[in-house]
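Accompanying notes for the structure given below.
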Amino acid sequence: MTNPQSSCDPLAESRVPLYGPQFQRKSADLYAEMRRAHGPVAPVLLDGDVPAWLVLGYREVQYVVSNPEIFGRDSRRWNAWDRIPPDWPLLPLIGYQPTMMFAEGAEHRRRAEALDDALADVDQFALRAQAQQVADRLIDTFAGAGEADLITQYADGVPLPVVARMIGVPDVETADLVREVNKTHAAGEGANDAYTRVREKVRRLVESKRENPARDVTSRLLAHPATLADEEITEDLLHLMNAGQLPTAYWIGNTLRLMLTDDRFAMTLSGGRQSVGQALNEVLWEDTPTQNFPGRFAVRDLRLGDRQIRKGDLLILGLAAANHDPLVRPDPQTSIGNQAYMSFSYGEHRCPYAAQEIAKVIAEAAIEVLLDRLPDVVLTVPADALTWRPSPLFRGLSALPVKFTPGLVVL
Ligand code: HEM
């Protein structure tokens, strides 16, 4: 499909491809180069050479997410839909769905408030205990082997079962739901069928909680004064499971990498445990799991960072680039103790505060349990041989191969 504008795109020559192997490099270098060449707002090409803007400056990202009346969230505003084939790889993230994430204005506020309230009431002690239990069970599956890949065998497996329990999926059904959700992320025809089955399971969960409420997020959404329809709750729970899985798994993996490769976090039972919080925080500055987030859509023609943005243009939030912006981090080494990173975004569509806390509890528990159970864990490859998945949107490792003494496993 062709875009009538593409032949007269004045930026055609200078657009930076937002795909390819460069995303397997060190983030800071990549974004510094882009900032030098293009300033705080860069013209980019998404997969399939679809044009968009990447907002690289911290202040510019903050401006975009703080002004929802001019930077909309509903992707049906996009002016490039005529170029998008049905199998476009970014469609699952950008294609409109009737979830709170694509809602705007009063409708978004109503659903976001209900979700915030329902998540804020999650019992943090019970959540931590559940995360520890999931982590323990995963370690049981490889503890005797003396070696493992901490990404596919561990980090990837922690968040979803915990989120499923949190929304009220019964223990006996969790494994099946997790299997089906994982199939929805795999490529191919099976993904659509799996999505239909997951949707049906969540719809039935909502129905059953209406009959028999319990102490879980679904029951709290049903009882909320916002009077959400079952359909809305189903959509938002589906979104919650997706939003919770990938970034949290990558946060766990990226933090384990830091702790295993950097002497400051010498991963020992006593030293490592003390610095888990510090390592989690540093990862959000240096290797945030959500590096480029799509995004916002210009509600009208406007200027941003000296660029002419047209109505309906897509702006990708350059969260990793913003975290490395020298204007807010003149000394990259000393400014990572605070929590002013953009990793959870900002403004009314930011990751809900309660969800941020939940993600932290899950990630912290996963790392602490691993340190307790495998106190002499070490990498089996040199640090510079580790590779990042080639995604321009999320930053996570392909593998984190380790070994440990099976005899030292603490059961
Ligand atoms: C259990 C874990 C998590 C849950 C339940 C969760 C939930 C959500 C939800 C519901 C939204 C949509 C908010 C809205 O549109 O109003 C969201 C957005 C987002 N979340 Fe999370 N999240 C989790 C973990 C994370 C992690 C670990 C990160 C990154 C480190 C992250 C980064 C983001 C970002 C960047 C957005 C988009 C914000 C925007 O559009 O401005 N989330 N999350």
Side-chain angles (χ1 to χ4, degrees), residues 1-3 5-6 9 15-20 23 41-56 61 64-65 68 70-105 107-108 111-112 181 184-188 191-192 195 199 235-236 238-247 250 288-299 304 309-322 342-345 347-351 389-396:
M1 277 178 258
T2 55
N3 181 339
Q5 291 177 351
S6 58
D9 177 4
R15 289 188 182 275
V16 184
L18 209 61
Y19 52 82
F23 290 96
V41 181
V44 293
L45 289 173
L46 304 178
D47 211 295
D49 288 344
V50 178
W53 299 101
L54 178 64
V55 188
L56 296 153
V61 170
V64 168
V65 295
I70 42 175
F71 298 100
R73 188 66 192 86
D74 186 332
S75 62
R76 290 172 298 183
R77 293 181 181 277
W78 198 13
N79 58 18
W81 279 119
D82 62 336
R83 307 189 52 148
I84 304 302
D87 59 349
W88 195 52
L90 301 186
L91 209 50
L93 271 166
I94 300 182
Y96 173 80
Q97 285 153 26
T99 66
M100 60 172 295
M101 191 163 84
F102 292 101
E104 295 182 352
E107 195 208 335
H108 176 260
R111 290 167 79 168
V181 173
T184 68
H185 297 149
N192 286 340
Y195 181 76
R199 200 175 188 296
E235 290 299 336
D236 290 347
L238 286 163
H239 171 58
L240 202 68
M241 290 194 297
N242 281 322
Q245 164 60 19
L246 200 89
Y250 284 6
T288 176
T290 44
Q291 59 176 332
N292 294 311
F293 197 85
R296 298 295 188 269
F297 303 86
V299 168
L304 178 74
I309 313 287
R310 297 282 171 215
K311 178 179 175 183
D313 280 1
L314 164 59
L315 296 109
I316 310 270
L317 308 175
L319 304 175
M342 272 291 167
S343 307
F344 292 108
S345 186
E348 64 180 40
H349 272 281
R350 63 162 200 284
C351 188
R389 291 178 189 178
S391 164
L393 304 185
F394 295 100
R395 188 160 175 85

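Everything numeric in this text was worked out from a predicted model, so none of it was measured.
When all heavy atoms are compared, the tightest approach of P86 to L91 is O-CD2, 3.3 Å. Between P92 and P89 the shortest heavy-atom distance is CD-O, 3.3 Å. Contact detail for R395 and T288: the closest heavy-atom pair is CB-O, 3.4 Å. Of all the heavy atoms in V65 and S345, the pair that sits closest is CG1-OG, 3.7 Å.
Screening residues 86-105 for salt bridge (Lys or Arg N to Asp or Glu O under 4.0 Å) gives R77-E104 as the qualifying pairs, with residues at least two apart or on separate chains.
Every residue was checked against the salt bridge (Lys or Arg N to Asp or Glu O under 4.0 Å) condition with R73, not counting sequence neighbours, and none meets it. Looking at residues two or more places apart in sequence or on another chain, you find a ring-ring contact (aromatic ring centres under 6.0 Å, His included) between F102 and Y96. For R389, the salt bridge (Lys or Arg N to Asp or Glu O under 4.0 Å) partners at least two apart in sequence or on another chain are D156. Taking the salt bridge (Lys or Arg N to Asp or Glu O under 4.0 Å) definition, one finds that R296 meets it with nothing, sequence neighbours left out. Under the salt bridge (Lys or Arg N to Asp or Glu O under 4.0 Å) criterion, E348 pairs with no residue at all, not counting sequence neighbours.
Judged by distance alone, the side chain of D313 and the main-chain N or O of A298 form no donor-acceptor pair under 3.5 Å. Panel note: side chain N79, backbone K311; a donor-acceptor pair is recorded below 3.5 Å. Panel note: side chain H349, backbone G295; no donor-acceptor pair is recorded below 3.5 Å. In this structure, the side chain of W81 engages the main chain of S75 through a donor-acceptor pair within 3.5 Å. Of the possible donor and acceptor atoms, one in the side chain of T290 sits under 3.5 Å from a partner among the backbone N and O of S343.
Ring orientation note: the planes of W78 and W88 are tilted relative to one another, at an angle of 30° to 60°.
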Requested in this report: Start with the C-alpha distance between R111 and D236, add both sets of side-chain angles, then the distance that settles side-chain contact (heavy atoms from CB on, under 4.5 Å), and finish with yes or no.
Outcome: CA-CA 8 Å; R111 290 167 79 168; D236 290 347; 3.0 Å; yes
